[in-house]
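Take a look at the structure set out below.
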Amino acid sequence: MAIRFLNTYTRTLEEFRPLDPAGKAVKIYTCGPTVYNYAHIGNFRAYLFEDLLQRHLESSGYDVQRVMNLTDVDDKTIRGCHAAGLPLAEFTQKYKDSFFEDLATLRIKPAMAFPSATDPVHIARMIEMIAHLVAHDYAYQAEDQSVYFRLNKFPNYGKLAHLNLDELRPSGRIRNDEYEKESVGDFALWKAWDEADGDVAWESPWGKGRPGWHIECSAMATELLGPEIDIHCGGVDNIFPHHEAEIAQSECCTGKQFVRYWLHCAHLMVESQKMSKSAGNFYTLRDLLEKGWSGREIRCVLLSVNYRLPLNFTFESLAGARSSLARIDAWVARLTETAGDEPHASAHPLASHNRFQQALDDDLNISGALGVLFDVIRASNRALDLGTFTPADARALLGWWDRVNAVLQFQREAEGAPKAVLDLVEARAAAREAKNWALSDEIRAQIEAAGWIVKDSKEGQKLTRK
RNA sequence: GGCGGGAUAGCCAAGUGGUAAGGCAGAGGUCUGCAAAACCUCUAUUCGCGGGUUCGAUUCCCGCUCCCGCCUCCA
């Protein structure tokens, strides 16, 4: 079955076919973070959706070329660096570094490139694009010296969001002082320097200033991936106006269809409420790690609801993820043990199907895919209980799990128990040998206090991380 | 006002014109020195409400209610 995605542009489920004539390479552009602060879990919900997308495409045989931009100049970064008394680059570097740490914590596969907006190469590309737009009448310099895109030159503006611009109701967010523009909807390509910018400025044919947010993505996307991109992702809030603007700028420059498939993920709610600092339910990844949750657990929660649906993040769901992962861990450990040294995999029916991948083919139906996983876990555990599973069967199941885990990245990182804990296990074995149950239980409590759980089985004690 | 998404058990959630996957939580059981894990059984006569089409609708159509998002630089 072919992979299908719900395309925001057409609002229909479309079969995915990459532009590459060989049908192999897939070009993806994803809107990345503005590096003025630590990213919050809502941001990471989007990045995890993109990770799932990339990993599923790769497991389907595609060669994914993904670019994620880093917005390191805008109102917020400028305000932030001034407040911190640091040069802009120094201020944003801290948050770039922490962003990459967070990606690793959540096991998000790094993109092929993470271009920064302030990279001179990209600034030059933005200026080049703006000059092209001005030269072809798609843009103009207003009285305030800023350069704006001339919206009435691009009738398709609004198509992605399915907005009829004539019917837009002013929302109060439009600044009254932007009277210099020909039309209220015209958006800035180049922002003329003003005092609040301080020393943040670049020279351009239109004077000192800085690029607008939208042109940044158009420039870096077309520069690194070419004029035509297969998939462009982001949060639903980016649909309008950001992605509309990207389409307008890019297509007026290249004359080609900028993006073939638009995928947008819904927002995250926390405890059924919109996440906000004032509501006290605003969490960065770091906040959750401090509370004792692991990156793997957070990954599991943020990934387990289809990207198009709002996701209600709760601590109950984190606890649920912890239980589910423990079950997966126990299952993998059991299979590993049963497989032993057996190098050959059998053709066990539980291991020779790709229903997991087929579920994901349907617009990344993660719930269906996880349903398949747990069905397989239960069925194989039952077979293991009955003793009808051979080492070769277990080896085959582990192979199946490897393919599934390549997408999910749920497997526990291998870690050995510290010497002190192993010593306790040994002491407990002696106590059990002597049928000293009281001592055995006491040592078990000590082991647990050290962060490990010991379980007794027919083959002896089994140690797992708590 | 416009546009879009949603409403399925305590919670999360899949799904189909033919009588409700899966996960978490909960109850009972098998196993165990006890636990834990695993497995088994149970937990929605029912899919927001009211009509309609149909032999049959949670699934299609119409109307309604409620929730959420966007409407010019928030993933």
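Basis for what follows: all heavy atoms, side chains included, without hydrogens, waters or symmetry-related copies. Since the structure is predicted, the reported quantities are computational estimates derived from the model, not experimental observations.
Among the atoms of the strands shown, base atoms are found under 4.0 Å from some heavy atom of A:R432. Using a 4.0 Å heavy-atom distance criterion, A:N381 is classed as a sugar-phosphate-only contact. Among the heavy atoms of the strands, none lies under 4.0 Å from A:R45. Using a 4.0 Å heavy-atom criterion, one finds that A:L386 contacts no nucleic acid atom at all. A:H40 comes within 4.0 angstrom of a nucleotide base, judged by non-hydrogen atoms across all strands. Heavy atoms of A:T314 sit nowhere under 4.0 angstrom from any nucleic acid atom. Note on A:D456: a base of the nucleic acid sits closer than 4.0 angstrom, heavy atoms only. Within the 4.0 angstrom heavy-atom criterion, no nucleotide atom of any strand lies near A:A319. Residue A:G185 is classed as a base contact, given a heavy-atom separation below 4.0 Å to a base. Residue A:S317 is out of contact with every strand shown, counting any heavy-atom pair closer than 4.0 Å.
Residue A:R327 places at least one side-chain N or O under 4.0 Å from the OP1 or OP2 atom of B:rC39. Note on A:R11: a side-chain N or O is less than 4.0 Å away from OP1 or OP2 of B:rG4. Of the side-chain N and O atoms in A:N365, none sit less than 4.0 angstrom from OP1 or OP2 of B:rA14. Look at A:R382 and you'll find a side-chain N or O under 4.0 angstrom from OP1 or OP2 of B:rC40. At the phosphate of B:rG22, OP1 or OP2 sits under 4.0 Å from a side-chain N or O atom of A:R378. OP1 or OP2 of B:rA25 lies within a sub-4.0 Å distance of a side-chain N or O belonging to A:S323.
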For residues 316-326 of chain A, which side-chain N or O atoms pair as donor and acceptor with protein atoms under 3.5 Å away, sequence neighbours left out?
{"residue": "A:S317", "atom": "OG", "partner": "A:T314", "partner atom": "N", "Å": "3.1"}
{"residue": "A:S317", "atom": "OG", "partner": "A:T314", "partner atom": "O", "Å": "2.6"}
{"residue": "A:S317", "atom": "OG", "partner": "A:T314", "partner atom": "OG1", "Å": "3.2"}
{"residue": "A:R322", "atom": "NE", "partner": "A:E297", "partner atom": "OE2", "Å": "2.7"}
{"residue": "A:R322", "atom": "NH2", "partner": "A:G292", "partner atom": "O", "Å": "3.1"}
{"residue": "A:R322", "atom": "NH2", "partner": "A:E297", "partner atom": "OE1", "Å": "3.1"}
{"residue": "A:S323", "atom": "OG", "partner": "A:A319", "partner atom": "O", "Å": "3.4"}
{"residue": "A:S324", "atom": "OG", "partner": "A:G320", "partner atom": "O", "Å": "3.1"}

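We find that CG of A:N281 is positioned 14 Å from P of B:rC68, with the value rounded to whole Å. If you take NE2 of A:H264 and P of B:rC70, they are 14 Å apart, rounded to a whole angstrom. Distance A:M269 CE to B:rC68 P: 7 Å, rounded to the nearest Å. The CG-P distance, from A:L311 to B:rG69, rounds to 15 Å in whole Å. Taking atom CG of residue A:D375 and atom C1' of nucleotide B:rG22, one finds them 6 Å apart after rounding to whole Å. Atom pair A:R308:CZ and B:rG5:P shows a separation of 9 Å (rounding to whole Å applied). Rounded to whole Å, the distance from CD on A:Q358 to C1' on B:rA14 is 16 Å. The distance from atom CD1 of A:I108 to atom P of B:rA75 is 15 Å, rounded to the nearest whole Å.
Between the side chain of A:W262 and the backbone N or O of A:H243, no donor-acceptor pair lies under 3.5 Å.
Counted by atom type alone, A:D72 and A:T118 present one or more donor-acceptor pairs between their side chains at under 3.5 Å. Between the side chains of A:S146 and A:K181, no donor N or O sits under 3.5 Å from an acceptor N or O. A:H40 and A:D287 share no donor-acceptor pair across their side chains, judged by distance under 3.5 Å alone. For the 3.5 Å distance criterion, the side chains of A:Q461 and A:R428 qualify, holding a donor opposite an acceptor.
Pairing partner, B:rG26: B:rC42, with both Watson-Crick or wobble hydrogen-bond distances short of 3.5 Å. Nucleotide B:rC34 forms no Watson-Crick or G-U wobble pair with any nucleotide shown, as no partner meets the under 3.5 Å limit on both distances. Base pairing of B:rA57 is not made with any nucleotide, judged by Watson-Crick or G-U wobble geometry with both donor-acceptor distances under 3.5 Å. Of all nucleotides present, only B:rC3 satisfies the Watson-Crick or G-U wobble test against B:rG69, with each distance under 3.5 Å.
For A:K76 against B:rC74, no side-chain N or O and base N or O form a donor-acceptor pair under 3.5 Å. Evaluation of atom-type donor-acceptor distances gives no pair under 3.5 Å for the side chain of A:N312 against the base of B:rC11. Applying the 3.5 Å distance criterion, the base of B:rG15 shares no donor-acceptor pair with the side chain of A:D362.
The residues A:D230 and A:R66 are annotated as not salt-bridged, no charged nitrogen and carboxylate oxygen being separated by less than 4.0 angstrom.
Comparing A:S324 and A:C31 by the nucleotide of RNA chain B that holds the closest heavy atom to each, the one mapping nearer the 5' end is A:S324.
In this structure the side chain of A:F5 reaches within 4.5 angstrom of the side chain of A:L53, judged on heavy atoms.
Per the stacking criterion (ring centres < 5.5 Å, plane angle < 30°), A:F374 does not stack onto the base of B:rG22.
For A:R428, the side-chain atoms get nearest to B:rG33 when compared with the rest of B:rG33, B:rC74, B:rA37.
Residues from residues 242-249 of chain A lying near RNA chain B, meaning a heavy-atom separation below 4.0 Å, are absent.
For the salt bridge (Lys or Arg N to Asp or Glu O under 4.0 Å) condition, the pairs that include at least one residue of residues 368-378 of chain A, sequence neighbours left out, are A:D375-A:R378.
Heavy-atom contacts from other residues, nucleotides or ligands closer than 6.0 Å to CD of A:E271 number more than 12.
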